[in-house]
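A quick write-up on the structure given underneath.
Below, chains carry the letters A, B, ... as their sequence lines are ordered, and counting in each starts from 1.
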Number of protein chains: 4
Amino acid sequence: MTPRATATESARPRVEGEREAEILEAAVDLLLEHGYDRLTMDAVALRAKASKATLYRRWSSKASLVVDAVHRSKKSADPQDVDTGSLRGDLIAAFCGPTGMTERDSTLLLAAVITALHTDEEFACMFRERFLKPKIEMNQRIYARAMERGELASDCDLEILGPALPGILMHRAFILGQPVTQDVVERVLDTIILPAATGVRK
Amino acid sequence: MTPRATATESARPRVEGEREAEILEAAVDLLLEHGYDRLTMDAVALRAKASKATLYRRWSSKASLVVDAVHRSKKSADPQDVDTGSLRGDLIAAFCGPTGMTERDSTLLLAAVITALHTDEEFACMFRERFLKPKIEMNQRIYARAMERGELASDCDLEILGPALPGILMHRAFILGQPVTQDVVERVLDTIILPAATGVRK
Amino acid sequence: MTPRATATESARPRVEGEREAEILEAAVDLLLEHGYDRLTMDAVALRAKASKATLYRRWSSKASLVVDAVHRSKKSADPQDVDTGSLRGDLIAAFCGPTGMTERDSTLLLAAVITALHTDEEFACMFRERFLKPKIEMNQRIYARAMERGELASDCDLEILGPALPGILMHRAFILGQPVTQDVVERVLDTIILPAATGVRK
Amino acid sequence: MTPRATATESARPRVEGEREAEILEAAVDLLLEHGYDRLTMDAVALRAKASKATLYRRWSSKASLVVDAVHRSKKSADPQDVDTGSLRGDLIAAFCGPTGMTERDSTLLLAAVITALHTDEEFACMFRERFLKPKIEMNQRIYARAMERGELASDCDLEILGPALPGILMHRAFILGQPVTQDVVERVLDTIILPAATGVRK
DNA sequence: CAATAAACGAGACGGTACGTCGAGTCTTCCT
DNA sequence: AGGAAGACTCGACGTACCGTCTCGTTTATTG
């Protein structure tokens, strides 16, 4: 729950956070192998050669550890905010890149965290603050640039439009259980997002 | 202990479906009270005055029972397919009605089932067949009527457009943790769905 | 903690206590192999093919289970109360017989229970009532017979004399760590118990 | 943090033994408060304001520390070897004095050490050498004086007789859980020890 | 008097066992 | 025959304690 500083505050030569990274990596691996429900703290401890006591010293619960693990995983990092010059290009770059939703691993990790969401409200808040917020902000930046370029209708409701693409894609992946390919992303963009964004409505 | 069947059908003492409904009702109540993770089979058995053996005789797992319970619950029944004469009216009727996503209970039950989805792939298939398919079909009927009325662009990608509204709303409810009110539904409709549906894009 | 009746009360055909005996036997075996401290509940569960939940359903703690196990073990049953016609003969029969203190296993089990004694006062009471009392009573019977035969001084303080022999032998075994052989028992008898019992003191 | 050493020995700043005494005293206190099983090394470290590393630098285990603590405690020091002029007087002085077995604290500490005895055979040897041997030797001295005075039968088996009194008293205290008062000591003496010692048996 | 090395307090760590809880199975009795 | 009751196995949970270890600081001796 409370990661220590990786930074070198004053005269602290030791890189404390390294151990933590190892543990979280073990957790991510097991998560991808077995899914959230089948992941056990004992298994994480075993693979990371840590003791359960250590895990619980830092994370208050399995759910908490999992969120942290997913959060820190390279496989679920924020998609790159590449400025391609168009809204369509930016969104494709963000959602189809190596950390985007078309990657199977990213989706699996996200699924794990969504399951964990429902175990604890306090935990859900933390997740939204630490995991979701950066993604949402990056998303808003993409739309802000599009707005500046004049691609968006001036009265566009960004609070609604911003989460639309991830919402539709997650629904397809988690609820419908269908794959999220670049083709699907493009169809969603061309069918829904871009028409809505350009706001050509009589 | 006490004969509970009304035994209406001629001389058949076994009223199979009725007992099942009682059990599922108990499950729904507990689901709304505690959520999926905190729901125990023992609690369901206790409240329904059934034995766990009976539960497992009819449902292969907790997840299975929960899906069934949610499926049969009045609170999560398919939204009424009211023909209001317009796509906007039909969708508002479907998603803001007494069984729509603006009802808190409906959302809670849906959340439970989503959690259950991740425990078993075989189970997820069943869920999609029995629970999701009817909803999707009804949704498609609404869009089909709109198409007949000429409200939709002729080349409209219904496979993508159909799930868009529930996807966006679920994302808002489950991932962002924000309420789904009629106002929100209307904003999604006016900002995204209808512009995309009418397909005014050159 | 609460053994069920092995007896056939009314119409209960099943011999419920049989399973319990298996578990306790496993515990006794492990006790003799590893001693009290190294004995784990998991090991008992494993060997008895029982679950820890079952163990804790019947016994409130490891200490409690161990006492029960020792109590029921044939290896620590009450020594036979053989009437040999003399106090010396009776005591040798009792303390050097197959269940007497000269048997290594009996002593090991006793040691285990003595350790367990110190974990819980409530538990210690139970132990004294169920485990110790029968042994003490048998011991008193031996002295009572000797009294009838006129072997004991009439004013003999049986409350003190009775526990003297086991006390001296336990001290030798547990505190001094020296073996308790038949020779030792006889020396204690001839040096201490019998002189005191016959009470020839001027 | 605060210099605690009195540094009396010439120029040796490190006053080893004094710190040790503080730690052992803390251990004794906690032992009397909670008993051996409930005593934790962390608690000792905390109360003595020492670190666990320090404890383990000097004592190889909890058992080892406890024996040392009991050994050094004033409350369990060897009973004074007062020459009262009679065996009866000497034994009463030794066992009923301020460090005798009639003191509740002495008995509690002894109980702790007996429990510790069963954790490690190597440790038990050490205990017998350092803790028990002096007591036994003192006991033997008492009997030796009695022998010189002609109070004992010349063929008296001192190896058996010597440990008899403590054995009987410990059994009463630890196994039977009954108090050891001066009255009890005198009854044991008059009923058992003295008749045996004076050896009036034809 | 400053530099060095030993011993220390603090407390995280790996490991092991604890006692609890829930899922899913199985047995018994009752209707 | 089938259901209620509930004990059972399995396995994960989160906690506690032991004994080890590393860290940075204090202390005493040395240069």
Side-chain angles (χ1 to χ4, degrees), chain A residues 4 11-14 16 19 37-46 48-62, chain B residues 1-4 13-14 16 19 37-46 48-65 119, chain C residues 4 11-14 16 19 37-43 45-46 48-62, chain D residues 1-5 7 11-14 16 19 37-43 45-46 48-65 119:
Chain A
R4 296 101 160 289
R12 272 289 221 31
R14 267 302 204 75
E16 197 61 15
R19 195 66 235 284
D37 292 314
R38 309 277 208 249
L39 173 77
T40 70
M41 293 299 262
D42 289 83
V44 175
L46 193 66
K49 281 209 160 284
S51 85
K52 272 205 296 176
T54 300
L55 303 188
Y56 283 102
R57 221 175 274 125
R58 295 189 201 261
W59 297 279
S60 64
S61 67
K62 172 180 161 179
Chain B
M1 219 152 275
T2 53
R4 72 188 73 78
R14 191 76 58 66
E16 202 58 15
R19 186 79 187 96
D37 291 315
R38 308 276 208 249
L39 172 77
T40 69
M41 293 299 263
D42 290 83
V44 175
L46 191 66
K49 281 210 161 283
S51 91
K52 278 208 291 174
T54 303
L55 303 188
Y56 281 101
R57 221 173 275 128
R58 296 185 203 267
W59 296 277
S60 66
S61 68
K62 171 181 165 180
S64 172
L65 180 146
T119 61
Chain C
R4 295 101 158 291
R12 272 287 219 33
R14 266 299 205 78
E16 197 59 15
R19 193 68 235 284
D37 292 313
R38 308 278 208 249
L39 173 76
T40 70
M41 293 300 263
D42 289 83
L46 193 66
K49 281 214 160 279
S51 85
K52 276 205 292 175
T54 301
L55 303 188
Y56 283 102
R57 214 175 283 124
R58 296 188 199 263
W59 297 278
S60 65
S61 67
K62 172 180 162 180
Chain D
M1 216 152 278
T2 53
R4 72 186 74 81
R12 273 290 242 17
R14 197 68 63 68
E16 203 59 15
R19 186 79 186 94
D37 292 315
R38 309 275 209 251
L39 173 77
T40 70
M41 293 301 263
D42 290 81
L46 192 66
K49 281 211 161 283
S51 87
K52 277 207 293 174
T54 303
L55 302 188
Y56 282 101
R57 230 173 263 128
R58 295 188 202 268
W59 296 277
S60 64
S61 68
K62 170 181 164 179
S64 171
L65 180 144
T119 62

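Computed from coordinates, the D:L65 CG to F:dG19 C1' distance equals 13 Å when rounded to whole Å. One can place CH2 of B:W59 at 15 Å from P of E:dA23, the figure rounded to the nearest angstrom.
With sequence neighbours excluded, the residues satisfying side chain to side chain contact (heavy atoms under 4.5 Å, CB included) with C:A48 are C:R19, C:I23, C:A26, C:A50. The side chain to side chain contact (heavy atoms under 4.5 Å, CB included) search around D:T40 returns D:D42, D:A43, not counting sequence neighbours. In this structure, the side chain to side chain contact (heavy atoms under 4.5 Å, CB included) partners of D:R57, at least two apart in sequence or on a different chain, are D:A53, D:T54.
Between A:A45 and D:T54, it is D:T54 whose nearest contact on DNA chain E lies nearer the 5' terminus.
Between C:S51 and C:A45, the shortest heavy-atom contact is C-CB, 4.1 Å.
The shortest distance between the side-chain N/O atoms of B:R19 and the OP1/OP2 oxygens of F:dA4 is below 4.0 Å.
One distance of note links CG of C:L55 with OG of C:S61; it measures 11.5 Å at 0.5 Å rounding. Considering NZ of D:K62 and CE of D:M41, their distance stands at 8.5 Å, rounded to 0.5 Å.
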Practice problem: Could you run through nucleotides 11-18 of chain F and give me one letter per nucleotide, 5' to 3': B if any protein heavy atom sits under 4.0 Å from the base, S if only the sugar-phosphate is that close, - if neither? | Solution: -SBBB-SB
